[in-house]
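Worksheet: one structure, shown below.
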Amino acid sequence: MFYSNIKISMDNCIFCKIIKGEIPSKKIYEDEDVLAFYDAAPQSPIHFLVIPKRHIKNIMELELSDQNLAGNLLVRAQKLSIELGCGEKGARFVINCKEYGGQTVDHLHVHVLGGRSFGWPPG
Ligand code: AMP
């Protein structure tokens with residue numbers, strides 16, 4: 001039951017389809033574990049997503065055994081943000097989670113938003 005639920009969510013997951021090439025994306029970076037691509041509805045001049053290739057629903061699903069993967073996601077987000085010109089002025093790195101976090105796609109992703117300033121606290 002548990003495994004069939006995972007399969008159902010992967011089959012319907014937009015980001016898994018992007019990973020498999022079934023949905024087009026503007027790819028920025030790819031390796032064995034991680035994919036980065038531009039957000040389809042950018043909220044800033046630079047807005048891209050960094051995702052694990054393995055289907056993980058959200059940050060609450062990470063295990064201690066995922067430490068390397070979680071580190072890869074974060075460091076890759078940082079490296080790409082610098083490559084895309086955010087190094088000097090910085091950027092907003094965001095991980096939304098579930099309903100209260102405003103997550104709309106149930107596949108873990110790091111948003112990187114650059115090219116403008118953001119306020120705090122969030123609304
Ligand atoms: P979140 O609300 O944190 O779950 O963010 C999901 C993000 O995925 C939103 O910023 C969407 O604009 C973005 N998104 C949804 N579908 C696509 C897609 N096919 N290609 C690129 N970005 C997408």
Side-chain angles (χ1 to χ4, degrees):
M1 185 60 180
F2 177 69
Y3 288 108
S4 67
N5 280 343
I6 287 178
K7 181 150 183 1
I8 287 164
S9 57
M10 284 175 65
D11 285 347
N12 295 324
C13 173
I14 298 171
F15 288 176
C16 284
K17 287 182 178 172
I18 286 176
I19 290 162
K20 286 187 268 178
E22 294 170 7
I23 291 180
S25 69
K26 288 189 189 164
K27 223 176 266 183
I28 302 170
Y29 174 86
E30 181 169 20
D31 64 26
E32 205 179 316
D33 301 317
V34 166
L35 177 69
F37 53 96
Y38 285 104
D39 196 290
Q43 302 301 310
S44 57
I46 299 162
H47 184 182
F48 63 93
L49 305 172
V50 186
I51 70 173
K53 286 192 168 174
R54 176 155 60 88
H55 183 79
I56 300 171
K57 270 166 68 176
N58 56 56
I59 194 169
M60 300 292 187
E61 305 283 316
L62 284 175
E63 303 290 346
L64 281 175
S65 56
D66 294 321
Q67 280 179 91
N68 279 347
L69 178 61
N72 283 349
L73 281 178
L74 207 55
V75 176
R76 188 55 60 190
Q78 177 256 71
K79 297 284 176 219
L80 292 173
S81 77
I82 292 171
E83 280 176 29
L84 293 172
C86 302
E88 191 186 334
K89 293 206 166 180
R92 178 65 60 90
F93 297 77
V94 174
I95 300 176
N96 295 323
C97 181
K98 295 191 180 182
E99 183 187 350
Y100 276 14
Q103 184 176 9
T104 59
V105 176
D106 287 337
H107 184 125
L108 175 62
H109 49 283
V110 181
H111 289 263
V112 180
L113 299 120
R116 72 171 174 91
S117 63
F118 291 88
W120 191 264

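Whatever order the structure lists them in is the order used to number ligands and atoms, beginning at 1. Not measured: the values here are computed from a predicted model.
- Protein neighbours of ligand 1 below 4.0 Å, counting non-hydrogen atoms: I14, F15, I18, F37, Y38, D39, A40, A41, L49, N96, G102, Q103, T104, V105, H109, H111.
- Counting only residues at least two apart or on different chains, the side chain to side chain donor-acceptor pair (under 3.5 Å) pairs with a member in residues 30-43 are K27-E30, Y29-D31, E30-K53, D39-H47.
- Follow the hydrophobic side-chain contacts under 4.5 Å out from V110 and you reach I46 in the same cluster.
- Checked for salt-bridge contact, K17 and D11 miss the test: no charged N lies under 4.0 Å from a carboxylate O.
- Applying the 6.0 Å contact sphere to CD of E22 captures more than 12 heavy atoms from other residues, nucleotides or ligands.
- Under the 4.5 Å side-chain heavy-atom criterion for grouping Ile, Leu, Val, Met, Phe, Trp and Tyr, F48 is not connected to F37 through any hydrophobic cluster.
- Minimum interatomic distance between I59 and L108 (heavy atoms only, all atoms of both residues): N-CD1, 3.7 Å.
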